[in-house]
> 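Please see the structure below; I have some questions.
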Amino acid sequence: MRFLHLIRPVMCVLPEVASPDRKIPFREKVLWTTITLFIFLVCCQIPIYGVQSAKSSDPFYWMRVILASNCGTLMELLLIIAQLFSSFHCYEHHAESLQSNYHQHWAWN
């Protein structure tokens, strides 16, 4: 059995990116990658006002080391917000996908 056949039931909930309508030059790709990396690194260092770092053990210590992040930064807040938005979007997309699959399966031709 092929790998794609194994993951086919999960494919309906995975996000999909449309292919570009034009060829994107390498310099433009590098530019956007650099800008994104800069924003990421800046957001990982800006502390959120009022959040105090605890002296207790941090369960995400090694993740912070890998991602070059500090505890209580703007990046943590943005990740939480992005996770909430993506979960709402995935739920809406999944509901629409299930409904369309149901209608395609039970449609009388």
Side-chain angles (χ1 to χ4, degrees):
M1 207 171 196
R2 297 186 67 185
F3 178 71
L4 290 177
H5 294 296
L6 292 174
I7 64 168
R8 187 174 302 271
V10 182
M11 298 265 300
C12 65
V13 295
L14 293 177
E16 187 174 321
V17 178
S19 60
D21 55 349
R22 64 178 174 86
K23 178 159 176 26
I24 300 174
F26 180 73
R27 290 185 64 137
E28 185 176 346
K29 291 179 186 179
V30 170
L31 174 72
W32 284 110
T33 303
T34 306
I35 290 170
T36 305
L37 180 64
F38 178 74
I39 291 171
F40 174 80
L41 291 176
V42 167
C43 288
C44 284
Q45 300 303 321
I46 297 176
I48 300 173
Y49 179 74
V51 175
Q52 308 248 341
S53 61
K55 301 296 182 206
S56 63
S57 65
D58 184 11
F60 299 114
Y61 175 75
W62 290 109
M63 186 179 73
R64 292 182 204 291
V65 170
I66 293 170
L67 297 176
S69 177
N70 290 328
C71 184
T73 60
L74 186 60
M75 183 55 67
E76 283 186 357
L77 178 65
L78 294 175
L79 287 174
I80 291 170
I81 292 171
Q83 191 70 19
L84 287 173
F85 280 125
S86 68
S87 64
F88 291 137
H89 177 70
C90 286
Y91 175 74
E92 290 173 1
H93 176 71
H94 182 64
E96 289 173 2
S97 174
L98 287 176
Q99 187 177 16
S100 68
N101 286 344
Y102 176 80
H103 288 300
Q104 287 176 358
H105 180 70
W106 293 103
W108 296 94
N109 291 334

> Scan residues 4-14 for pairs that pass salt bridge (Lys or Arg N to Asp or Glu O under 4.0 Å), counting only residues two or more places apart or in two chains.
none
> Return the CG to CD1 distance between Leu41 and Ile46, rounded to the nearest 0.5 Å.
11.0 Å
> Could you work out, with side-chain hydrogen bond (donor to acceptor under 3.5 Å, both in side chains) as the rule, every residue matching Arg22, not counting sequence neighbours?
Glu28
> So which atom in Ile24 and which in Lys29 form the shortest heavy-atom distance, rounded to 0.1 Å?
O-CE, 3.5 Å
> Taking ILVMFWY side chains as joined if any heavy atoms are under 4.5 angstrom apart, and letting links pass through other members, which residues group with Ile35?
Leu31, Trp32, Ile39
> For residues 11-21, which side-chain N or O atoms pair as donor and acceptor with protein atoms under 3.5 Å away, sequence neighbours left out?
none

> Using a 4.5 Å cut-off on heavy atoms from C-beta on, say whether the side chain of Phe38 contacts that of Thr34.
no
